[in-house]
Amino acid sequence: MTVPPISSISVVLPAWNEAENIERTLEQCFSYLADLNQRLGIDYEVIVVNDGSTDATPAIAEAIAQSYPQLHVLHHAKNLGYGAALRTGFDYASQEFIFLMDSDGQFDIQDMDHLLEQLSSEHQVIIGYRYKRADPVIRSINAKLYHWFIYCVLGLKFRDMDCAFKLFRRAYYRAIRPIQANGALFSAEFLLKLTQAGFPIVEVPVRHFPRQFGQQSGAKLSVILKMFWECWRMKQELAKGQSTAYRLPDILQS
């Protein structure tokens with residue numbers, strides 16, 4: 001694989017009650033990243049954001065961190081939401097690029113190769129889409145309705161905007177902050193602000209696997225209601241005509 005110069009990556013893994021998945025996910029991450037470093041000389045760090053887990057997730061992650069100095073484990077005292085966990089991880093990240101992946105075992109970090117292959121001087125935001133979503137039927141239907149709703153309200157259209165498999169330049173994220181959504185709308189707000197800033201976004205197919213352990217939280221009524229509230233708030237902000245001017249040279253120096 002040949003990719004344009006990229007010096008380092010921060011891998012951000014949000015985790016909420018993933019005691020049965022987090023160890024295997026981290027083992028796969030460090031195996032892949034060590035190989036990536038050997039092949040391409042890319043340095044890395046891994047950031048686990050424990051979003052107020054009530055199981056053994058934080059203890060397992062902290063124990064693994066004893067063996068990997070590149071692993072940083074951050075803790076929320078209580079569950080603040082998926083978006084809040086991403087914001088904590090992204091704000092803490094220190095490397096040139098940020099890579100997001102869920103810690104539930106439904107993605108294979110080896111597919112990051114496909115995202116890296118799409119990097120160029122013009123395209124530095126590469127997002128995955130699940131070409132064959134391995135979720136229960138009702139969750140897949142909810143996802144289609146969610147995408148339709150976001151398109152109708154915000155005019156945002158991607159194949160899989162909430163796919164937790166994204167690679168982007170850290171300076172781009174810093175330029176569009178703050179991302180205010182604490183819940184499921186975080187990805188939509190993130191992509192909307194990138195689009196408004198004029199950053200091209202490339203979509204790449206990635207594999208998706210059935211969840212083997214733990215429970216999904218995206219279909220909870222509280223999560224859905226929170227998404228509607230945050231979407232309404234974002235629509236109000238758009239109606240005010242708020243905008244920001246971005247200059248690429250300034251961003252790349254940040």
Side-chain angles (χ1 to χ4, degrees), residues 11-33 35-36 46-61 64 71 73 79 81-86 89 98-118 126-150 158-167 183-188 190-191 203-224 226-227:
V11 175
V12 175
L13 303 170
W16 180 68
N17 290 347
E18 295 291 356
E20 296 172 296
N21 297 309
I22 191 66
E23 183 174 3
R24 181 166 58 98
T25 297
L26 285 172
E27 288 176 353
Q28 292 173 347
C29 284
F30 280 109
S31 176
Y32 170 79
L33 292 168
D35 177 68
L36 190 68
V46 178
I47 302 165
V48 171
V49 183
N50 161 45
D51 188 27
S53 296
T54 56
D55 64 1
T57 297
I60 294 171
I64 296 173
L71 176 58
V73 185
N79 182 251
Y82 184 71
L86 294 184
I98 296 175
F99 172 72
L100 158 67
M101 187 180 77
D102 277 351
S103 55
D104 58 10
Q106 291 195 263
F107 293 98
D108 187 338
I109 194 171
Q110 303 245 5
D111 284 349
M112 193 204 294
D113 275 3
H114 304 314
L115 276 62
L116 289 169
E117 288 169 354
Q118 297 300 317
I126 317 296
I127 65 174
Y129 68 88
R130 293 162 281 194
Y131 64 85
K132 188 176 181 181
R133 190 162 181 158
D135 281 330
V137 174
I138 187 63
R139 188 174 176 87
S140 297
I141 292 173
N142 287 342
K144 290 182 182 296
L145 291 173
Y146 169 73
H147 281 73
W148 175 81
F149 173 77
I150 294 298
F158 288 93
R159 293 179 179 178
D160 193 2
M161 71 182 72
D162 56 340
C163 178
F165 208 84
K166 294 178 171 68
L167 177 70
L185 198 68
F186 185 95
S187 291
F190 175 64
L191 293 176
E203 299 179 85
V204 176
V206 297
R207 294 172 295 169
H208 191 234
F209 304 94
R211 175 185 269 270
Q212 296 183 4
F213 307 103
Q215 296 182 345
Q216 295 171 322
S217 61
K220 285 185 176 181
L221 180 60
S222 60
V223 174
I224 294 172
K226 189 174 186 178
M227 182 274 294

Using modelled atom types and a 3.5 Å cut-off, is there a donor and acceptor pairing between side-chain atoms of [X] and backbone atoms of [Y]?
X: T57; Y: A19; result: yes
X: Q106; Y: F209; result: yes
X: E203; Y: R159; result: yes
X: S103; Y: P14; result: yes
X: S31; Y: E27; result: no

Side chains of N79 and D51, donor plus acceptor under 3.5 Å: yes
Please round to the nearest 0.5 Å and tell me the distance separating atom [atom1] of [X] and atom [atom2] of [Y].
X: I60; Y: T25; atom1: CD1; atom2: OG1; answer: 11.0 Å
X: Y129; Y: C163; atom1: OH; atom2: SG; answer: 10.5 Å
X: L13; Y: N21; atom1: CG; atom2: CG; answer: 11.5 Å
X: E23; Y: E18; atom1: CD; atom2: CD; answer: 13.5 Å
X: F186; Y: M161; atom1: CZ; atom2: CE; answer: 14.5 Å
X: I47; Y: L86; atom1: CD1; atom2: CG; answer: 11.5 Å

F165 and F99 aromatic ring geometry - parallel, tilted or perpendicular at 30°/60° bounds: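 The rings of F99 and F165 stand perpendicular, inter-plane angle above 60°.
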R211 bridged to E20 by N-O distance under 4.0 Å: no
For the student: nearest non-hydrogen atoms of [X] and [Y], plus distance:
X: I109; Y: Q28; answer: CG2-O, 3.7 Å
X: P205; Y: Y131; answer: CB-CD2, 3.7 Å
X: M112; Y: Y32; answer: CB-OH, 3.5 Å
X: A61; Y: L71; answer: O-CD2, 3.8 Å
X: L26; Y: I64; answer: CD1-CD1, 3.7 Å

Validation row: T54, N17 side chains within 4.5 angstrom (heavy atoms):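 Side-chain contact under 4.5 Å: yes.
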Beyond-backbone contact of V49 with V73, side-chain heavy atoms, under 4.5 angstrom: no
From CA spacing to verdict: side chain to side chain contact (heavy atoms under 4.5 Å, CB included), F158, I127: CA-CA 10 Å; F158 288 93; I127 65 174; 4.0 Å; yes
Single hit among D102, D108, D162 for salt bridge (charged side-chain N to carboxylate O under 4.0 Å, His left out) with R130: D162
Stepwise side chain to side chain contact (heavy atoms under 4.5 Å, CB included) test for R207 and F107: CA-CA 6 Å; R207 294 172 295 169; F107 293 98; over 6 Å; no
